[in-house]
Amino acid sequence: MNQIKILFFASIRDKVGTKSAEMNIPNGMTVSQLKEKLGEQYPQLKDALKSTLVSVNREYAFDDAFIPADAELALFPPVSGG
Amino acid sequence: MNQIKILFFASIRDKVGTKSAEMNIPNGMTVSQLKEKLGEQYPQLKDALKSTLVSVNREYAFDDAFIPADAELALFPPVSGG
Amino acid sequence: MTLMNFPTVYSVTEAEINLDKLLEEITLTSSGAAAIFTGVVRGVTKRGEERRTAYLEYEAYVPMAEAKMKQVADEIRERWNSVEGIAIVQRIGKLYPKTPTILIACTAAHRDTGVFEAARYGIDRLKEIVPIWKKEVGENGETWIEGEYIPASGD
Amino acid sequence: MTLMNFPTVYSVTEAEINLDKLLEEITLTSSGAAAIFTGVVRGVTKRGEERRTAYLEYEAYVPMAEAKMKQVADEIRERWNSVEGIAIVQRIGKLYPKTPTILIACTAAHRDTGVFEAARYGIDRLKEIVPIWKKEVGENGETWIEGEYIPASGD
């Protein structure tokens, strides 16, 4: 098993109701598998997950990417700074 | 006769040796006629006069323009602000 | 915030943006030109349906945001080797109309070697990839503003 | 210095240029973007034969210079009706390397309706028609710097 930290920002944090979570995931899990798992854990996230961005260790990560050990992930909507 | 004031700036002022002069000129004198007259009065200006800009009442003025009564003229090199 | 041979200054901050100070930090003795862009909170927006904004509330994923600012600066330097100094600042927190919220500034020896284009590129990229979000508070309550850009590999 | 419905601020001054203050003066509640250009005294110039500058001494034909600044602002508004506020300042006197000497800033609701192009147009025009000159003092003594632009009818 692999322990990861997930940060939630902006509208995603509002939906989840918490700023961060720690999770144990199987080794070799991909970003899209994690999203699926999160959709089960937080059903209120399901509709938003399609357009949710994911970062792994502060770099954008895409569906097929494997999640490394002790990773810091973040889930957030498309950015709107400026 | 028409009394005018002429201001000199930058390298033109350095050549003339004064910041301004008052002059009496005939009515109906043009800018190019005035330049000729100034070339006689200030021989050290002669070479520079070809590239000297002239303003009349704070607007750029060109060779054929007539100089109005009580005008404020200025003679200066191409500008280099910034 | 980082200083290299050519200064690159970047930060996410709650403090007021000080243009004069930032310009000074990225001006070298060889610099003759600076192009600066700042974004400002609008109190009235007329594009689309007209609306009034009481304030914006900005939040950031700070360490990733600063890394992405650094990346935008690097991308600018790859594209315009005339650029000398670069400053990038995003202010976060509760910000009222007429307040500058973001700044990008680039210096170069002369104004005709890409310094305007570099600043323009910079603000466009910042708005695409830096993880910062704003919530608009106005007459219709609170609304998260969401961007449109979906990052791709290499962003 | 003039204030209209859309603010237009312009001056020739010996005082330090204050970017933050000028930006504030031209920011309306509808403004969301500002493009700013500043020129800075170079201590080292590498274009052409490399030379070092101890300082520049600026002089202006002040009333005509301010009239021409106003004209540049008017030309900007004719070309980009998206522009809201305009600030133009030229500092004169004895100015040392790294000192900002000229500023043009334009505000608009959004960054994609010409505000960068307006600032770029503005600095190019200022350098063509505003009667200001600088004398360079450096290792080779004093030299008047002369521009290349010859005004035509309408300038």
Side-chain angles (χ1 to χ4, degrees), chain C residues 16-48 50 52-53 56 82 84-85 96-113 115-124 126-127, chain D residues 16-48 50 52-53 56 82 84-85 96-113 115-124 126-127:
Chain C
E16 216 172 292
I17 295 178
N18 184 325
L19 277 74
D20 296 282
K21 185 167 164 291
L22 288 161
L23 176 59
E24 195 182 334
E25 286 182 39
I26 61 165
T27 299
L28 303 182
T29 189
S30 51
S31 303
I36 306 168
F37 176 84
T38 66
V40 178
V41 180
R42 276 188 305 278
V44 179
T45 299
K46 289 168 183 165
R47 188 179 273 181
E50 183 164 328
R52 283 168 193 280
T53 302
L56 297 176
S82 57
E84 298 185 341
Y96 290 86
K98 301 176 79 170
T99 308
T101 56
I102 193 167
L103 169 139
I104 175 157
C106 299
T107 55
H110 305 275
R111 75 183 186 286
D112 58 1
T113 55
V115 74
F116 279 92
E117 293 80 358
R120 176 70 198 263
Y121 174 86
I123 184 62
D124 288 345
L126 293 170
K127 285 180 159 261
Chain D
E16 215 172 292
I17 295 178
N18 185 325
L19 277 74
D20 295 283
K21 186 169 164 290
L22 288 161
L23 177 59
E24 195 181 335
E25 286 181 39
I26 60 165
T27 299
L28 303 182
T29 190
S30 50
S31 304
I36 305 169
F37 176 85
T38 67
V40 178
V41 179
R42 276 187 306 277
V44 178
T45 299
K46 289 169 183 165
R47 187 180 274 181
E50 182 165 328
R52 281 166 195 283
T53 303
L56 297 176
S82 57
E84 297 185 340
Y96 290 86
K98 302 176 78 170
T99 307
T101 57
I102 193 167
L103 169 139
I104 175 157
C106 299
T107 55
H110 304 277
R111 75 182 185 286
D112 58 0
T113 56
V115 73
F116 279 92
E117 293 80 358
R120 178 69 199 263
Y121 174 86
I123 184 62
D124 288 346
L126 292 171
K127 285 181 158 259

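What you see is a predicted model, and the numbers here were worked out from it, not measured in a lab. All chains are named by letter (A, B, ...) in the order of the sequence lines, taking the proteins before the strands, and each is independently numbered beginning at 1.
- For the set C:Ile102, C:Val115, C:Asp112, the entry with the most heavy-atom pairs within less than 4.5 Å of chain D is C:Asp112.
- For the options D:Arg52, D:Lys46, D:Glu24, D:Arg47, heavy-atom pairs under 4.5 Å to chain C are most numerous at D:Arg47.
- Between atom OG1 of residue C:Thr107 and atom NZ of residue D:Lys98 there is a gap of 10.0 Å, rounded to the nearest 0.5 Å.
- For the options D:Ala119, D:Pro97, D:Ala109, heavy-atom pairs under 4.5 Å to chain C are most numerous at D:Ala109.
- The pair D:Asp20-C:Lys21 does not meet the salt-bridge criterion, since no charged nitrogen lies less than 4.0 angstrom from a carboxylate oxygen.
- The stretch residues 30-43 of chain D places D:Ser30, D:Ser31, D:Gly32, D:Ala33, D:Ala34, D:Ala35, D:Ile36, D:Phe37, D:Thr38, D:Gly39, D:Val40, D:Val41, D:Arg42, D:Gly43 near chain C, each with some heavy atom under 4.5 Å from a heavy atom of that chain.
- For a residue to count as touching a neighbouring chain, one of its non-hydrogen atoms must lie under 4.5 Å from one of that chain's; by this rule C:Ala105 does not touch chain D.
- Of the atoms belonging to D:Glu16, not a single heavy atom falls under 4.5 Å from chain C.
- Heavy atoms closer than 4.5 Å to chain C are found nowhere in D:Leu103, neither backbone nor side chain.
- Between chain C and the options D:Thr45, D:Thr53, D:Val44, the largest number of non-hydrogen pairs under 4.5 Å is found for D:Val44.
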